[in-house]
Protein chains: 2
Amino acid sequence: MPPRSDSFTGSVWLRPPRAQTGQPTLSREQIVRAAMELLDAEGPAGLSMRRLGTKLGSGATSLYWHVANKDELLELAVDEVLGEIYVPEPGDTGWRIGASISANGMRSALLRHPWAIGLLGLHPTIGPNAMRLGERLVALFIAAGFRGMALSHATAVLNSHAIGAATSESAIKSALKRTGQTYEQIAEDVEPYLQRLASDNPNYEKWRQETGPMPNDPDQVLEETYAFGLERLLDGLELWLENNTGKPSGP
Amino acid sequence: MPPRSDSFTGSVWLRPPRAQTGQPTLSREQIVRAAMELLDAEGPAGLSMRRLGTKLGSGATSLYWHVANKDELLELAVDEVLGEIYVPEPGDTGWRIGASISANGMRSALLRHPWAIGLLGLHPTIGPNAMRLGERLVALFIAAGFRGMALSHATAVLNSHAIGAATSESAIKSALKRTGQTYEQIAEDVEPYLQRLASDNPNYEKWRQETGPMPNDPDQVLEETYAFGLERLLDGLELWLENNTGKPSGP
DNA sequence: AAAGCCACTCGCACAGTGTTCGAGCCCACT
DNA sequence: AGTGGGCTCGAACACTGTGCGAGTGGCTTT
C-alpha cells in the first residue's frame with residue numbers, strides 16, 4: 001500500500017482501489033469488521049495491529065497491504081459506524097420526524113461504538129456512508145423548506161447535537177462501565193468532593209435541590225436529556241422556517 | 001502515586017493530595033501546563049511521558065510521583081481547558097447572551113486545544129473547572145426561569161451543541177492543517193470522488209447548487225454554521241420557557 | 001510448456017511507548 | 001546524630017506501529 005501522501009489526494013476515499021487477482025485470504029472489509037469487533041469488545045486499547053492479525057489468523061504486517069496504516073483503518077471503521085444509521089426518505093414522514101429518526105440513529109450508533117466518538121474530530125467524515133447520510137438529511141431538509149446556507153447549517157446542527165450528546169453520555173457510561181459501580185455508589189464516592197466544591201459554588205446546592213436526588217437509572221435520564229435538547233432544537237428550526245419561508249413547516 | 005483503583009474513589013478529583021515537604025522540583029500544575037504546551041504544539045502524538053520529562057528537565061518516571069498515569073494527566077489537562085471558559089454572572093446580561101458567551105467560550109477553548117475534544121467522551125468532566133462552569137451555567141438558567149430537570153437538560157444541551165460543533169469543525173481544520181492545502185485545493189482533489197458519489201446520491205447535486213461554490217474562507221463558514229445552530233437552539237429554549245412558565249423570557 | 005510478473009503474505013528489526021521496581025538522595029524533624 | 005519519608009531517576013519489561021526484503025503461489029503472456 002503506497003504511503004499516505006501529505007496531500008489530501010492520499011486519503012483512503014480518493015485513492016484508487018488496488019488491482020486484484022486470485023482470492024486473497026484477507027480483505028479490507030474483513031479487516032475493518034474484525035477491527036470493529038475488537039474495538040467494541042475492548043475499547044481503543046484493545047485494538048493493535050498484531051492482535052488484529054492473530055484474530056484474523058494472519059501476520060500483523062499483512063494488514064498493511066490492504067490498509068495504509070492504523071489511522072486509516074480507524075477512518076474506515078468510523079465510516080462503517082455511520083453506515084448503521086438509517087435516515088428516512090422525505091416522502092415517508094414529515095421532516096421533524098425524519099430528522100429525529102436520523103439524530104436518534106446517529107446517537108445510538110455512536111453509543112454502540114463509543115470508540116468512534118473520539119475519532120470524529122480527527123478527520124472529516126467523507127466516506128461513502130457519511131455522504132449517503134448527508135445526502136439523505138439534505139433531502140429531508142430541502143423538503144422541509146430549507147434553502148441555501150441554512151440548509152447546510154440545519155443539517156450540521158442536527159448532527160452536532162447528536163455528536164455532542166453522545167459524547168457527554170459516553171463519558172458517564174464509560175465511568176459506570178469502568179468502575180463496575182452503580183450510579184448510587186459513585187454518587188456516594190463523589191459526595192464529599194462535591195460538598196467541598198459546594199462551598200465555592202453557591203448555586204450548586206440550588207441545582208441539586210432542583211434536580212432532586214440522583215436517579216438510579218442514568219440511562220433513562222440521559223435519554224431524556226438528549227430528547228429534550230432535540231425537541232428544543234427542532235422547535236428552533238421550525239420557528240426559523242416559519243419566519244423565513246412563505247409556507248408553514250409542512251405536514 | 002498510589003495506583004488508580006478500579007472504583008471511582010481512585011479518581012484524581014477524589015484522591016486526597018499528597019503530603020509535601022521541602023520544595024519539590026516538579027509540581028502537578030507545572031506538569032499539566034507543560035503537557036498542554038506539547039499537546040497544543042504537536043497534537044496528541046506529540047505527548048509522551050519521556051518527552052514531557054525532558055521538556056521539564058527531569059526524568060520521565062519522576063512524573064509518576066505527581067500523576068498516577070498518562071490518562072489521569074490528560075484528565076487534568078482537559079479540566080484546565082475548561083478552566084479557560086468564561087461564563088458571565090446572571091446579573092451581568094440576559095440569559096440568552098450569557099448562554100451564548102458560555103457556548104462561544106467552550107467552542108473556542110476546544111478549538112484552541114483540539115486534542116481535548118477526543119478526550120471528552122472518555123471520562124465525565126467533574127474537575128473543579130468543569131464544576132465551576134456547570135454552576136455558573138445553572139445560575140444563568142435559573143435566572144432565566146428553568147427549573148427541575150429542564151434546568152439540567154438546558155445546560156446540557158448548550159454544552160452538547162458547543163462540543164458537537166467543535167468536533168465537526170476540528171475535523172475539517174485538522175485536515176486543512178495536516179495537508180497544508182487550501183480549501184480550494186482540497187475541493188479540487190475531492191472533486192472526482194464526489195462526482196462518482198453523486199451518481200448514487202441524487203440529492204447531492206441539489207445540495208451543491210443550494211450552497212453554491214466552496215467559499216475560500218472556511219473559518220467564517222464554520223463559525224456561521226455554529227452560530228446559526230446556537231440561535232436556533234436558544235430560540236427553542238426560549239419558546240419552551242414561554243410555554244412552560246408564567247413569565248416571558250426576561251430582559 | 002516455459003517464463004515471468006505481480007498480488008499477497010510474513011518474519012525480522014527498529015525506534016519508541018507507558019509503566020513498575022528498587023535504589024538512592026536530601027531535607028525536616030526528633 | 002539519626003531516621004523517616006518526600007521526591008527523583010535509571011534500568012528493565014512488555015508492547016506498540018510500521019519499513020523492508022524475502023518468499024510464495026497462481027495467472028497471463030509468449
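Both backbone and side-chain heavy atoms feed into the values below; hydrogens, waters and symmetry mates do not. Every chain is numbered from 1 and lettered A, B, ... according to where its sequence line falls, protein lines coming before strand lines.
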Within this structure, what is the [atom1]-to-[atom2] distance between [X] and [N], rounded to whole angstrom?
X: B:R18; N: D:dC7; atom1: CZ; atom2: P; answer: 8 Å
X: A:R28; N: C:dC8; atom1: CZ; atom2: P; answer: 12 Å
X: A:E42; N: D:dC15; atom1: CD; atom2: P; answer: 13 Å
X: A:M49; N: C:dT9; atom1: CE; atom2: C1'; answer: 14 Å
X: B:L74; N: C:dG18; atom1: CG; atom2: C1'; answer: 12 Å
X: B:L63; N: D:dT8; atom1: CG; atom2: P; answer: 9 Å
X: A:H66; N: C:dT9; atom1: NE2; atom2: P; answer: 4 Å
X: A:K70; N: D:dC15; atom1: NZ; atom2: C1'; answer: 11 Å

Just checking, A:R28 and A:W65: is the charged tip under 6.0 Å from the six-membered ring centre and within 45° of the axis?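 The answer is no; the distance or angle limit is not met.
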Tell me, do B:V81 and B:M36 make a side-chain contact under 4.5 Å, heavy atoms counted?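 Counting from C-beta outward, B:V81 and B:M36 do come under 4.5 Å.
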Classify the nucleic acid contact of [X] as base, sugar-phosphate or nothing, counting any heavy atom under 4.0 Å across all strands shown.
X: A:T61; answer: base
X: A:A60; answer: nothing
X: B:S62; answer: base
X: A:L47; answer: sugar-phosphate

For the side chain of A:R50 and the base of D:dG17, is some donor closer than 3.5 Å to an acceptor across the two?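 In this structure, the two groups form a donor-acceptor pair.
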Is the side chain of [X] donor-acceptor paired with the backbone N or O of [Y] at a distance under 3.5 Å, no angle test?
X: A:S174; Y: B:L122; result: yes
X: B:R107; Y: B:A166; result: no
X: B:K70; Y: B:L47; result: yes

Is any side-chain nitrogen or oxygen of B:W65 closer than 4.0 Å to OP1 or OP2 of D:dT8?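 Answer is no, no contact under 4.0 Å.
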